[in-house]
Amino acid sequence: GAELLRFVTAYRTGLEALVDITPYSPLLNAAPDTDGNIHFYAFIDTWVNNASGSDVLFMDNVTGQCIVKQHTDGNGWALTLDLVLWPRRQAVDTRPYRSIALASGFFGARYPLGFVTVHEGNTSVDSPTIDLDTPADLSGAAVAPPVYACPKGKQDTLRAALLGYAAQESERLERQEGSEDEKGRARKETASRLVEMMVWPHLVEVNVIDTFDKDRAVFASYDPGKVSARPGMLVFYASTDVYTQQRLYEDLWLNMTYPFKAAGH
């Protein structure tokens with residue numbers, strides 16, 4: 001199959017899109033089934049079901065009278081597709097000659113552009129070679145691996161990368177448009193994300209053994225070789241283990257992962 005179009009639903013209203021699929025003509029010519037039919041498919045993640053809704057009051061803007069109504073979030077979308085064809089005026093070569101990835105959405109496929117890895121090693125003035133502390137396959141590197149002097153080791157490089165990311169995010173937030181409430185919310189989200197990135201490597205996973213709802217207590221085991229537990233130490237949820245409702249906008253709530261903040265001690 002081939003993806004012809006990505007779109008965002010129009011939030012409680014209709015949507016029309018006109019897309020030139022001429023470059024896909026060779027695929028369409030090869031797509032018909034044995035009966036000569038071409039099948040098109042669409043996928044929309046509605047996040048609702050047949051029971052999504054709530055009771056609301058509807059006020060008549062003329063009489064001011066209120067009546068109880070059932071507010072529904074809907075349970076699907078109706079889609080129609082028309083192929084609009086024009087007579088061919090002259091021969092056009094529609095054979096594809098290259099593929100270009102223009103963009104990718106959050107819920108769609110991602111196209112990795114590569115990643116940066118750091119490997120520690122030692123060298124000497126007597127030899128141009130570097131002895132890595134652990135073996136590494138560098139045959140797939142896009143460029144010749146650069147070598148830097150890191151007196152404080154690998155963590156010094158990772159710390160510098162984190163500071164660079166923080167600087168980029170600060171510049172982005174400074175240029176961001178929107179209301180002061182939106183800017184403030186974005187700053188808090190960025191600050192929380194940076195704190196999580198700095199703290200997460202130093203956290204140690206514990207295994208929950210039992211919970212006591214009455215006392216809001218949790219019993220867990222841990223590896224004493226990795227951490228020395230002391231009274232008052234903060235406890236955090238793993239970022240993808242707990243979901244809760246969070247308000248994104250004034251009237252929009254979504255089930256999202258629990259924010260990175262202490263859940264107890």
Side-chain angles (χ1 to χ4, degrees), residues 1-53 71-89 92-116 142 165 168-169 171-173 175-179 181-183 185-187 189-190 192-193 196-197 239-240 243-259:
E3 182 181 278
L4 302 178
L5 171 67
R6 290 188 183 184
F7 60 93
V8 178
T9 53
Y11 299 96
R12 299 182 181 275
T13 188
L15 171 68
E16 292 185 1
L18 179 63
V19 182
D20 182 6
I21 59 174
T22 303
Y24 297 93
S25 298
L27 294 176
L28 297 177
N29 288 332
D33 57 19
T34 55
D35 296 326
N37 298 317
I38 300 178
H39 300 275
F40 294 88
Y41 301 90
F43 172 77
I44 301 177
D45 192 355
T46 61
W47 293 4
V48 297
N49 55 47
N50 290 334
S52 297
H71 169 78
T72 176
D73 295 325
N75 60 358
W77 292 83
L79 288 91
T80 59
L81 170 68
D82 297 310
L83 290 178
V84 183
L85 306 176
W86 280 269
R88 178 184 295 178
R89 296 183 178 181
V92 177
D93 188 356
T94 59
R95 291 175 299 177
Y97 60 92
R98 62 176 173 174
S99 176
I100 302 176
L102 299 179
S104 177
F106 179 78
F107 294 105
R110 293 194 174 104
Y111 301 94
L113 300 177
F115 53 89
V116 178
Y165 173 75
Q168 290 181 339
E169 287 296 285
E171 182 179 1
R172 180 184 64 83
L173 291 173
R175 296 180 178 181
Q176 178 177 319
E177 298 181 355
S179 65
D181 288 342
E182 293 173 339
K183 293 180 180 180
R185 184 165 53 248
R187 295 189 187 100
E189 292 174 354
T190 301
S192 176
R193 185 165 60 251
E196 182 175 4
M197 294 174 66
S239 58
T240 57
Y243 286 77
T244 185
Q245 287 186 323
Q246 296 186 48
R247 188 174 69 174
L248 290 185
Y249 305 104
E250 185 65 27
D251 57 350
L252 177 60
W253 289 74
L254 287 179
N255 287 333
M256 301 174 63
T257 55
Y258 191 82

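By the side-chain contact (heavy atoms from CB on, under 4.5 Å) test, L15 pairs with F7, A10, sequence neighbours left out. A search for side chain to side chain donor-acceptor pair (under 3.5 Å) contacts involving E177 returns nothing, not counting sequence neighbours. When the side chain to side chain donor-acceptor pair (under 3.5 Å) test is applied to R172, the partners found at least two apart in sequence or on another chain are E169. By the side chain to side chain donor-acceptor pair (under 3.5 Å) test, N37 is found to be paired with no residue, residues two or more places apart in sequence or in another chain being considered. Evaluation of the side-chain contact (heavy atoms from CB on, under 4.5 Å) rule for D181 yields S179 as partners, not counting sequence neighbours. Partners of A31 by side-chain contact (heavy atoms from CB on, under 4.5 Å), not counting sequence neighbours, listed by chain and number: I38.
From T190, atom OG1 reaches atom CD of Q168 across 12.5 Å, with rounding to the nearest 0.5 Å. For the atom pair L79 CG and Y41 OH, the distance stands at 14.0 Å (nearest 0.5 Å). Here the OG1 atom belonging to T22 is positioned 8.0 Å from the CH2 atom belonging to W86, to the nearest 0.5 angstrom. We find the CD1-CG distance between I21 and L83 to be 5.5 Å, quoted to the nearest 0.5 Å.
Scanning all heavy atoms of the two residues, the minimum distance from G178 to K183 falls at O-CE, 3.4 Å. Taking all atoms of both residues into account, the shortest heavy-atom contact from P26 to P23 is CD-O, 3.6 Å. Considering every non-hydrogen atom in both L173 and R187, the closest pair reads CD1-CA, 4.1 Å.
Between I44 and T9 there is a side-chain heavy-atom pair separated by less than 4.5 Å.
The residues R193 and E189 are annotated as not salt-bridged, no charged nitrogen and carboxylate oxygen being separated by less than 4.0 angstrom.
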